[in-house]
Amino acid sequence: MNAPPRPSPALPRSPSLIRPAPIPAGLVLAAVFGVLLALVAGAWEPLASLDRNVANGLHPVAVEHRGWTRFVRVLSDWLWDPWTMRAALALAVLWLLRRRDLLLAAWIAGTSALGTALQQGIKAAVGKDRPSWPDPVATAHYAAFPSGHALSATVACGLLVWLLWRYGARARGLRAAAAAGAVSVLGVGLTRLYLGVHWASDVLGGWLLGAALVAASVGLFGTVTRRRGGSGA
């Protein structure tokens, strides 16, 4: 006879993660993203100049070191691709459904979907062109700002680390997961710059918007579950 599914743990270790405390952090991150969005949309020259300088400095390196560039493409196009990140979250959602933690499963799926919708909507509204090269080492389509790779990795890694914490992962495992997440988030942004398919402001925008979404989602989930008087199972 199968044992009944276990509910989410009571989360005794860090109450700040289930209180609305992350919400102000999310609002601050969203405000910073809003400033960046205004500067990008307004084609603020100091920011545009910084973007060009970073791109012009990295592109010759990528052209010269073709072997390293092929490796970077594997990281960017496969390991840290947005679809890989979404697949990881989908597996987490399926795991939660098997445990009958329905609210949390829906919450993670909804947060992921909202991130994709925000990314695509802002890209369409801003319509920022990607870098253009006579000798490109990689190609990408659709508008540039914000970086979908950077946003997707931030959302996926942030939610997965939070999920591990909620289900009582040990400190060593949690630190390892957080470190892997940080490497992935930073790494995917750098690969997009190195491959010359994004400007630095695109990557920064993806990081900011993704982090704002995760912080707001975590904070709101804590508020909802406290009002329900449960753990979200």
Side-chain angles (χ1 to χ4, degrees), residues 23 25-44 47-48 51 54-55 73 75-94 105-132 136 138-160 162-163 181 184-221:
I23 296 178
L27 292 175
V28 171
L29 289 165
V32 176
F33 173 79
V35 172
L36 179 62
L37 173 60
L39 296 177
V40 169
W44 190 50
L47 180 61
D51 279 343
V54 172
R73 288 196 62 178
L75 293 177
S76 185
D77 296 343
W78 293 96
L79 180 62
W80 293 326
D81 183 77
W83 285 108
T84 305
M85 297 294 105
R86 293 173 193 137
L89 287 179
L91 290 174
V93 168
L94 290 174
W107 201 273
I108 287 179
T111 302
S112 177
L114 179 58
T116 300
L118 286 173
Q119 165 209 319
Q120 296 297 324
I122 295 171
K123 279 178 179 286
V126 176
K128 183 182 178 184
D129 292 332
R130 293 177 183 267
S132 178
T139 59
H141 306 287
Y142 204 40
F145 181 88
S147 166
H149 280 69
L151 186 149
S152 297
T154 303
V155 170
C157 293
L159 291 178
L160 289 173
W162 175 56
L163 178 60
S184 297
V185 170
L186 293 173
V188 72
L190 295 177
T191 65
R192 304 310 281 170
L193 295 179
Y194 180 86
L195 295 173
V197 293
H198 271 297
W199 307 104
S201 57
D202 304 337
V203 171
L204 179 59
W207 285 337
L208 287 171
L209 185 57
L213 183 59
V214 170
S217 180
V218 169
L220 288 173
F221 186 82

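The figures here come from the full heavy-atom set of this structure, side chains too, leaving out hydrogens, waters and symmetry mates.
Ring pair Trp162/Phe221 is perpendicular by interplanar angle, where above 60° counts as perpendicular and below 30° as parallel.
Taking the side-chain contact (heavy atoms from CB on, under 4.5 Å) definition, one finds that Asp81 meets it with Trp83, Thr84, His149, sequence neighbours left out. With sequence neighbours excluded, no residue forms a ring-ring contact (aromatic ring centres under 6.0 Å, His included) with Trp207.
Taking the charged nitrogens against the carboxylate oxygens, Asp202 and Arg192 have no contact shorter than 4.0 Å, which rules out a salt bridge.
For the pair Ser152 (side chain) and Gly148 (backbone), a donor-acceptor distance under 3.5 Å is present. Under the 3.5 Å distance criterion, the side-chain polar atoms of Ser217 are left unmatched by any main-chain donor or acceptor of Val214. Checked by atom type and distance alone, the side chain of Lys123 pairs as donor or acceptor with a backbone atom of Ala143 at under 3.5 Å. With hydrogens and angles ignored, the 3.5 Å screen pairs no side-chain donor or acceptor of Ser112 with any backbone N or O of Ile108. In this structure a side-chain-to-backbone donor-acceptor pair under 3.5 Å is present from Arg130 to Val197.
Rounding to the nearest 0.5 Å gives a distance of 8.0 Å between CG of Leu193 and OG1 of Thr191.
At a threshold of 4.5 Å between non-hydrogen side-chain atoms, the residues Phe145 and Leu36 count as touching. Leu159 has its side chain out of reach of Trp107: every pair of non-hydrogen atoms, C-beta onward, lies at least 4.5 Å apart. In this structure, Val155 and Gln119 have side chains that are not in contact, with every pair of non-hydrogen atoms separated by 4.5 Å or more. The closest side-chain heavy-atom distance from Leu209 to Ile122 is below 4.5 Å.
The minimum heavy-atom distance between Ser184 and Trp80, with the atom names listed, is OG-NE1, 3.1 Å. Residues Ala150 and Val188 approach most closely at CA-CG1, 4.1 Å, considering heavy atoms. The two atoms that bring Ala216 and Ile23 nearest to each other are O-CG1, 4.4 Å, heavy atoms only. Minimum heavy-atom separation, Lys128 to Ser201: NZ-OG, 2.5 Å. Here the shortest heavy-atom pairing between Gly206 and Thr154 reads O-OG1, 4.3 Å. Taking both residues in full, the closest heavy atoms of Trp199 and Ala144 are given as CD1-CB, 4.4 Å, listed atom of the first, atom of the second, then distance.
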